[in-house]
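Computed from a prediction, not measured in an experiment: that's the story for all the values here. For reference, positions follow the sequence shown, starting with 1.
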Amino acid sequence: MPTPDPALQALIDEDFRPVPLSLSDDRNMAYCLKHRLEKCDACDVDFLNLNRLSTVLANNPNLLCPPPPNLVTQKLSQMVTSTKDEGNSLFKNGLHTAAVNRYTGAASLAINRPPWESSQVMREELSTVISNRSAAFSEASDYISALADAEAVIQLRKQWSKGHFRKAKALVGLRKLRDAAEAVKLGLSFEPANNELLQYLSDIEKAMMKKEETKQEMVQTKSEQ
């Protein structure tokens, strides 16, 4: 074993602080000694990231350490895809609340990728799943949740048209047609030729015109009374 660099070792020793801890039965998880919590403000410890990494390594005994930077956990990808597909099947059968639950499960899997993997993989998987969940919320008439998911999709992949489309759908459900039109226009600024967005913008503008005509008719009727 090579001799450690004295200067580097001195820096490590300077910041080193012994921390009392307890371990899980399989010795893969660390907890604070007093409360057996992964994150404990009272004990000033946070083992969440350490335990996450430990779990990944324990579940993949043949994994090279450190792993190649472009490694993607295929098993996790398959689990995310299969859970998402279950949600898609439920959605197609009109079981929108059940679909939301499966999409939530897929999202939970997607965010648990190992820290050494490219964040782009997680962002693409998670944005797709959350976009689908937004659609399920809209079909279940839970437009607030649909809007929240659409905003999350846009945060993850701003230039992807689906996030803006989902946001517009939710806003239409909330009867905010002008805001919906603005959401579509923002999506079109990234994909000007997107047929889905162009058609939906046309539909929204027609709905706005009809709403204005109805309003004018009501005003006219009142003035004649």
For a side chain to side chain contact (heavy atoms under 4.5 Å, CB included) check, start with the C-alpha distance between Asn88 and Asp85, then their side-chain angles and the critical distance, and finish with the verdict.
CA-CA 5 Å; Asn88 291 345; Asp85 289 346; 3.7 Å; yes
Would you confirm whether His164, through its side chain, and Lys158, through its main-chain N or O, come within 3.5 Å as a donor-acceptor pair?
yes
With hydrophobic residues grouped by side-chain heavy-atom distances under 4.5 Å, do Tyr143 and Leu171 end up in a single group?
yes
Sidechain-backbone polar pair: Asn28 side chain, Ser24 backbone, donor-acceptor under 3.5 Å:
no
Pair Phe47, Tyr31 - check ring-ring contact (aromatic ring centres under 6.0 Å, His included), show working.
CA-CA 7 Å; Phe47 297 121; Tyr31 308 99; 8.1 Å; no
Let me confirm one number: the CZ-OG1 distance from Arg123 to Thr128, rounded to the nearest 0.5 Å.
12.5 Å
Taking atom CG of Asp44 and atom CG of Asp41, what is their separation to the nearest 0.5 Å?
8.0 Å
Kindly say whether Ser131 contributes a backbone atom to a donor-acceptor pair with the side chain of Asp149 at under 3.5 angstrom?
no
Does the side chain to side chain contact (heavy atoms under 4.5 Å, CB included) test come out yes or no for Leu177 and Lys211, once each step is laid out?
CA-CA 10 Å; Leu177 298 181; Lys211 182 179 179 180; 4.3 Å; yes
CZ of Arg36 to CG of Leu23: how many Å apart, nearest 0.5 Å?
8.5 Å
Check for a donor-acceptor pair, side chain of Tyr103 on one end and backbone N or O of Ser134 on the other, with a separation under 3.5 Å.
no
Gap separating the CG atom of Leu48 from the NZ atom of Lys39, nearest 0.5 angstrom
6.5 Å
Contacts table for residues 182-195: side-chain donor-acceptor under 3.5 angstrom, sequence neighbours left out:
from	atom 1	to	atom 2	distance (Å)
Ser189	OG	Leu186	O	2.4
Glu191	OE1	Asn194	ND2	3.0
Glu191	OE2	Ser161	N	3.2
Asn194	OD1	Glu196	N	3.1
Asn194	OD1	Leu197	N	2.9
Asn194	ND2	Ser161	OG	3.2

Knowing that exactly one of Val19, Leu33, Leu21 qualifies, which makes a side chain to side chain contact (heavy atoms under 4.5 Å, CB included) with Val45?
Val19
Using atom types as modelled and distance alone, determine if a side-chain donor or acceptor of Arg133 lies under 3.5 Å from a backbone N or O of Val100.
no
Here the gap from Arg102 atom CZ to Leu95 atom CG, rounded to the nearest 0.5 Å, amounts to 13.0 Å
Any sub-3.5 Å donor-acceptor pair from Ser82's side-chain atoms to Met79's backbone N or O?
yes
Counting N and O atoms only, with roles assigned by atom type, does the side chain of Asp142 sit under 3.5 Å from a partner on the main chain of Ser138, one being a donor and the other an acceptor?
no
Ion pair check, Glu124 and Arg157, cut-off under 4.0 Å:
no
Any donor and acceptor pair, going by atom type alone, linking the side chain of Ser54 with main-chain N or O of Leu50 inside 3.5 Å?
no
